[in-house]
**Student:** 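If you scroll down you'll find the structure; I have some questions about it.
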Amino acid sequence: MQIIGIILILAVIGLYILWLWYAKNQRGADAKIKNNIQVFDILVKGVYSPGVIKAKLDKPIRINFRREESSECSRFVNFPDFKIRKELPEDKTVTIDIVADKPGVFIFTCDMSMYQGKLIIE
Amino acid sequence: MSKNEKKQYNITGMHCASCALTIENNLSGLSGVKSANVNFATQKATVEYDSDDCDDKKVIQTVRSAGYEAKVVAVDDEAIDHNQQAREQEIKKERNLFILSLVLSIPVLALSMILRDMSNISRMTQSLLAGVVQFYIGWRFYRGAYYAFKNKTANMDTLIAVGTSAAYFYSLTTTYLINGEVFFETSALLITFVILGKWLEARAKGKAGEAIKKLLGLQAKTARIIKNGQEIDVPIKEVQVGDIVIVRPGEKVPVDGEVTDGHSSVDESMISGESIPIEKSASDFVVGATINKTGSFKFKTTKIGKDTVLSQIIKVVEDAQGSKAPIQKFADTISSYFVPTVVAIALIAFISWYFLFLSPFVTALLVFTAVLVIACPCALGLATPTAIIVGTGKGAENGILIKGGEPLEIANKIQAIIFDKTGTLTEGKPVVTDIIETQYLSVATDKGQNEILLLAASLENSSEHPLAEAIIKKAKEKELKLLEVNDFRAVVGHGVSGKINGRQILVGTEKLMDQLKINTPEGIKKQKRELEEEGKTVMIVAAGDNIFGLIAVADTLKKNSPEAIKKLCEMKIKTIMITGDNLRTAQAIAKQVGIEQILAEVLPEDKANEVKKLQQQGLKVAMVGDGINDAPALAQADLGIAMGGGTDIAIETGGIILVKDDLSDVVNSIKLSRQTMSKIKQNMFWALFYNSVGIPIAFLGLLRAEFAGLAMALSSVSVVINSLLLKRKKLK
């Protein structure tokens with residue numbers, strides 16, 4: 001019995017490490033290119049979907065958020081690194097334009113940080 | 001030609017859906033109305049009518065005759081109103097769900113814990129009641145967890161859905177399929193407590209954001225303007241720039257403007273926090289939403305709608321309340337690892353109990369549930385935003401507008417504050433105190449003095465410097481007629497020159513004279529020194545190569561300046577004065593006000609550089625100015641504090657904007673920032689402490705799952721309440 005337990009615990013730890021690795025190396029959704037603008041569509045419903053988006057440096061980024069839920073939590077989206085905060089009214093598409101002038105991983109969140117997404121600029 | 005108009009009205013007095021129907025029927029019967037739609041939930045009516053046959057008045061009258069009140073919805077108000085309503089509905093919804101959940105959970109609790117009724121009927125009843133809680137009230141957790149799962153992640157909902165499902169489905173199995181205990185009360189109470197937490201949190205968050213609501217409430221609804229020679233009341237929305245508005249005693253000033261006629265005292269406390277009414281007469285500026293006390297006056301509208309001081313304040317506060325402080329990044333990072341980590345710990349807890357300690361399956365399952373539900377990333381997420389909302393709201397009530405989390409956090413770390421002298425430490429209204437002639441150093445005559453004043457004033461008439469204003473004012477007092485100036489030139493920070501009656505005249509500093517190789521006699525220099533040691537700014541007036549005389553100008557210190565500087569010293573903040581004045585004058589002023597360090601003879605364009613130099617010494621520097629000629633310095637500083645708020649420039653450049661022209665608000669804003677930051681830190685500590693203690697306790701099986709859920713709910717609430725306590729702290 002104990003041996004099974006230890007194996008299972010190791011399995012859980014292994015899965016956890018695997019998840020950490022996965023989270024770190026998440027590729028991120030690619031942009032659709034429209035008129036030389038990198039366009040992403042993110043659905044806000046329980047989470048940001050897709051949660052990780054990948055953009056190229058020095059090309060304008062446009063993110064269309066669509067919030068399809070009434071939960072108070074996700075009413076605003078924040079890009080603290082770009083000093084952007086926008087309200088996402090229910091069932092409406094809100095566009096956020098970002099200038100991709102610095103490479104890096106930028107987190108975007110709701111006001112209380114329960115929703116988290118990543119914008120990777122490379 | 002007929003014109004269709006579609007308008008919205010706020011309806012008050014409705015208490016059921018049939019009221020809405022009644023109003024709708026009445027409106028539809030009104031001539032000219034094409035369609036009428038009354039929404040009970042939003043308390044609004046949307047009416048489309050032909051403007052030839054119908055108007056606002058008729059619509060409002062019709063609603064009134066049906067027994068309700070209607071008001072036109074202003075476009076700007078609409079969005080804000082909607083938000084407010086959405087929030088209130090959210091709170092109501094949470095409350096109702098909590099009550100329902102509680103009503104369903106109590107019988108489950110009674111049957112299992114109090115009556116200890118283990119009969120089949122009791123178990124089946126429990127499974128039904130708990131089932132409603134689990135799948136009707138708790139549906140949102142499943143939904144949230146599902147979306148998270150679809151995106152290969154996990155969130156708060158995952159924890160609760162998995163935790164409660166474990167308890168519920170196990171009990172369901174033991175009720176209908178195998179032998180064993182039931183734990184319906186665990187899952188039902190857990191969901192009840194989590195919903196309770198959500199309700200309290202929503203309520204407290206609403207409280208925290210009350211400042212905005214209060215500010216919005218200040219807005220006047222109507223204005224009395226003069227149109228075609230008649231006094232008429234118009235809705236605030238229809239007031240135009242340039243309209244003449246009449247304000248009677250006890251009335252609200254509707255918009256911003258300049259007094260043209262009359263005299264009164266105005267209570268500006270709602271905007272600036274200043275409790276003593278301010279005297280207003282012709283050419284004084286009045287601000288919308290302030291209250292006229294004693295007299296009547298007329299003013300010309302200068303700003304309306306979103307340009308008014310009040311609207312700008314609301315915008316700054318609104319933006320600030322949603323902003324994140326840099327410290328939040330730390331919490332965000334933890335949050336992103338939180339849920340999967342907790343799931344892993346919970347699984348390890350289950351395996352340890354079941355396989356390693358060989359305890360019954362039920363025990364292991366309950367420990368698993370408890371670990372899942374005690375973990376609360378919410379408290380961590382609430383730590384910063386709630387404190388910022390309360391802190392910035394409290395600031396706004398006291399005339400201190402903090403632009404967001406970032407300035408707030410920096411204000412807390414400030415080591416040195418640079419004050420611009422003119423207009424910041426002093427009133428910025430200099431007056432001429434001495435006029436001295438060279439030829440008659442000992443015996444002054446009016447004639448000689450007037451000539452100097454006349455020349456200086458004529459020249460300075462083209463300049464915009466505050467000192468110029470003082471000289472011109474003095475000339476006007478003496479009823480001197482200014483002369484024509486040709487070839488006017490201003491040497492920024494040094495003086496002005498120009499030709500009067502063909503003679504080259506100079507008014508400026510000793511440096512300017514030196515540059516132009518004009519010799520200043522020793523006697524004059526001595527007199528100048530003496531005046532400067534009294535804190536006066538002295539200008540030399542020269543004609544051609546000859547020094548004509550001196551004009552000394554002094555500016556009075558603001559009443560609260562010395563007190564504020566003293567307090568800052570007590571707070572261990574270094575104070576520095578920056579000025580274009582020469583060192584002697586600056587030293588004299590610095591001594592009066594009690595400031596430690598002086599940066600004198602700094603040209604306006606070099607102010608930003610001086611700030612930079614201090615920053616290079618490793619100091620976190622704040623700059624206090626009025627934003628007019630020191631905007632670059634305000635921007636360069638780690639924190640720009642703009643005084644005499646309400647002006648666009650001040651709002652643009654400052655990280656903190658002081659509505660009142662009072663230096664003690666510099667002290668107060670630093671204090672408020674410190675208080676807010678310490679709240680944030682306390683909140684963070686509690687959230688982390690709570691999780692780091694709660695999880696091990698649950699792991700060890702020392703806490704029943706439902707109490708773990710209650711503890712989780714209360715941890716969020718305690719963070720919000722701690723933030724609300726900030727409201728009570730004194731600034732003064």
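Keep in mind that what you see is a predicted model, and the values were worked out from it rather than measured.
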**Student:** Heavy-atom distances under 4.5 Å only: say whether A:Glu69 touches chain B with side chain, backbone, both or neither.
**Tutor:** side chain
**Student:** Under 4.5 Å from any heavy atom of chain A, what part of B:Leu358 do you find: side chain, backbone, both or neither?
**Tutor:**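 Contact with chain A is through the side chain of B:Leu358 alone.
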**Student:** Please look at B:Thr341 and chain A and tell me whether the side chain, the backbone, both or neither of the residue comes under 4.5 angstrom of a heavy atom of that chain.
**Tutor:**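 Answer is both: backbone and side chain atoms of B:Thr341 are under 4.5 Å from chain A.
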**Student:** Is it the backbone or the side chain of A:Tyr48 that comes under 4.5 Å from a heavy atom of chain B, or both, or neither?
**Tutor:** backbone
**Student:** Counting only heavy atoms closer than 4.5 Å, note whether B:Lys93 contacts chain A via side chain, backbone, both or neither.
**Tutor:**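 The side chain, not the backbone.
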**Student:** So A:Leu20 and B:Tyr337, do their side chains get closer than 4.5 Å, heavy atoms only?
**Tutor:**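 Sidechains of A:Leu20 and B:Tyr337: in contact.
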**Student:** Check whether A:Pro50 gets within reach of chain B through its side chain, its backbone, both or neither, counting any heavy atom under 4.5 Å.
**Tutor:**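 The backbone, not the side chain.
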**Student:** Does any backbone or side-chain atom of B:Asp157 lie under 4.5 Å from a heavy atom of chain A? Answer side chain, backbone, both or neither.
**Tutor:** neither
**Student:** For B:Ile348 and A:Ile13: C-alpha separation, side-chain torsions, deciding distance, then whether side-chain contact (heavy atoms from CB on, under 4.5 Å) applies.
**Tutor:** CA-CA 8 Å; B:Ile348 292 173; A:Ile13 293 172; 4.0 Å; yes
**Student:** CG/B:Leu356 to CD1/A:Ile6 distance, rounded to the nearest 0.5 angstrom?
**Tutor:** 6.0 Å
**Student:** Residues of residues 38-46 of chain A under 4.5 Å from chain B (heavy atom pairs)?
**Tutor:** A:Lys45, A:Gly46
**Student:** Heavy-atom distance under 4.5 Å to chain B: side chain of A:Gln2, backbone, both or neither?
**Tutor:** both
**Student:** Please report the interatomic distance CZ(B:Phe338) to CD(A:Gln116), rounded to the nearest 0.5 Å.
**Tutor:**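 Separation between the atoms: 12.0 Å.
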